[in-house]
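Written below as structure tokens is the structure these notes are about.
Note that the numbering runs from 1 along the sequence shown for the chain.
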Amino acid sequence: MRTLGVEITGSEALLCLLSKEEDVFDIRDIRQTRFTLGNIGQDTDAMRKFHFDFAKLVEDYKIDSIAIRQRAHKGKFAGSAAGFKMEAALQLIDGTDVKLLSSTEVKEQLKRNPVPVDFADTGLKKYQEQAFHNAYVFIMRKTYGHEDAEPAE
């Protein structure tokens with residue numbers, strides 16, 4: 001299972017590709033760890049390019065699923081319009097399971113199933129940490145189910 005963790009901040013999508021095969025996690029290198037939406041998503045050509053480039057990345061790396069941290073619709077920590085446009089563009093990629101994860105769900109899953117390695121030892125950049133957590137939580141949720149994501153002993 002190859003999962004692309006995505007953290008959308010402003011007009012950027014930060015990425016981390018994580019795979020799990022036979023209970024072994026593997027952080028994969030990808031050619032691009034961030035996408036920036038030009039002109040804050042107000043230009044149709046920029047949106048098409050963003051969607052095409054992202055879909056091509058998904059196709060090239062044979063990504064099964066995308067895990068995105070959900071942002072608030074209103075309030076102090078509300079997401080930007082460009083962020084919601086990027087989210088929609090990702091959801092429209094054919095043949096890919098896209099899941100929005102709430103912040104509460106991510107925190108609960110990480111508490112229930114802590115990451116077995118210190119983030120500093122992963123070799124990822126600091127800005128990829130939330131994307132990594134999104135991918136990890138999605139894989140744990142898929143592996144152990146939504147309600148009881150406790151590892152079998």
Check: Which atom names give the shortest non-hydrogen contact between Ala82 and Gly10, and what distance separates them?
Finding: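 The answer is CB-O, 4.2 Å.
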Item checked: Closest non-hydrogen atom pair between Ala46 and Leu37, with its separation -> O-CD1, 3.9 Å
Checklist line | Verdict with supporting geometry, Ile8 and Ile68, side chain to side chain contact (heavy atoms under 4.5 Å, CB included) | finding: CA-CA 8 Å; Ile8 298 174; Ile68 306 170; 4.0 Å; yes
Next item on the list: Could you list the residues that satisfy side chain to side chain donor-acceptor pair (under 3.5 Å) with Gln128, not counting sequence neighbours?
Entry: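 Result, side chain to side chain donor-acceptor pair (under 3.5 Å) vs Gln128: none returned.
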Notebook entry, point to check: Under the side chain to side chain donor-acceptor pair (under 3.5 Å) test, which residues partner Arg2, sequence neighbours left out?
Noted result: none
Checklist line | Partner set under side-chain contact (heavy atoms from CB on, under 4.5 Å) for Asp118, not counting sequence neighbours | finding: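 Asp118 satisfies side-chain contact (heavy atoms from CB on, under 4.5 Å) with Ala120, Asp121 only.
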Next item on the list: Using the test side-chain contact (heavy atoms from CB on, under 4.5 Å), find all partners of Glu12 that sit at least two apart in sequence or belong to another chain.
Entry: Thr9, Leu14, Arg34, Thr36
Quick one: salt bridge (charged side-chain N to carboxylate O under 4.0 Å, His left out) partners of [X], sequence neighbours excluded?
X: Asp53; result: Lys49
X: Lys111; result: none
X: Lys99; result: none
X: Glu59; result: Lys56

Check: Is Tyr61 reachable from Val98 through a run of hydrophobic residues whose side-chain heavy atoms are each under 4.5 Å from the next?
Finding: yes
Next item on the list: Would you kindly confirm whether Phe54 and Tyr127 end up in one hydrophobic cluster when ILVMFWY residues are joined by side chain heavy atoms under 4.5 Å apart?
Entry: no
Next item on the list: Evaluate the criterion side chain to side chain contact (heavy atoms under 4.5 Å, CB included) for residue pair Lys142 and Asp97; output intermediate values, then yes/no.
Entry: CA-CA 11 Å; Lys142 273 290 227 212; Asp97 180 22; 3.2 Å; yes
Note to self: The criterion is ring pair (Phe, Tyr, Trp, His ring centres under 6.0 Å); which residues satisfy it with Phe138, sequence neighbours excluded?
What the structure shows: none
Next item on the list: Not counting sequence neighbours, which residues clear ring pair (Phe, Tyr, Trp, His ring centres under 6.0 Å) with Phe119? List them please.
Entry: Phe132
State, yes or no, whether a side-chain contact exists between [X] and [Y] at a heavy-atom distance under 4.5 Å.
X: Cys16; Y: Leu4; result: no
X: Leu101; Y: Gln70; result: no
X: Leu110; Y: Val115; result: yes

Check: Step by step, would you call Phe52 with Leu57 a side chain to side chain contact (heavy atoms under 4.5 Å, CB included)?
Finding: CA-CA 9 Å; Phe52 175 81; Leu57 181 95; over 6 Å; no
Hey, could you give me the [atom1]/[atom2] distance between [X] and [Y], rounded to the nearest 0.5 Å?
X: Glu7; Y: His133; atom1: CD; atom2: NE2; answer: 11.0 Å
X: Leu100; Y: Glu105; atom1: CG; atom2: CD; answer: 10.0 Å
X: Ile63; Y: Leu18; atom1: CD1; atom2: CG; answer: 11.0 Å
X: Gln109; Y: Ser102; atom1: CD; atom2: OG; answer: 10.0 Å

Check: Please walk me through it: do Thr3 and Ile66 pass side chain to side chain contact (heavy atoms under 4.5 Å, CB included)?
Finding: CA-CA 6 Å; Thr3 300; Ile66 298 174; over 6 Å; no
Let me have the donor-acceptor pairs involving side chains of residues 86-95, under 3.5 Å, with sequence neighbours excluded, atom names and distances please.
unit_1	atom_1	unit_2	atom_2	d
Glu87	OE1	Arg71	NH1	2.8

Margin query: Can you see whether Gln130 engages Arg69 through a side-chain donor-acceptor pair at a distance of less than 3.5 angstrom?
Written below: yes
Notebook entry, point to check: Is a side-chain donor or acceptor of Tyr136 paired with a backbone partner of Pro114 at a separation under 3.5 angstrom?
Noted result: yes
Could you give the side-chain donor-acceptor pairs of residues 19-31 under 3.5 Å, partners two or more places apart or in another chain?
unit_1	atom_1	unit_2	atom_2	d
Ser19	OG	Asp26	O	3.4
Ser19	OG	Arg28	NE	3.2
Lys20	NZ	Asp23	OD1	3.4
Lys20	NZ	Thr143	OG1	3.2
Asp26	OD2	Arg28	NE	2.8
Arg31	NH1	Asp60	OD2	3.0
Arg31	NH2	Asp60	OD2	3.0

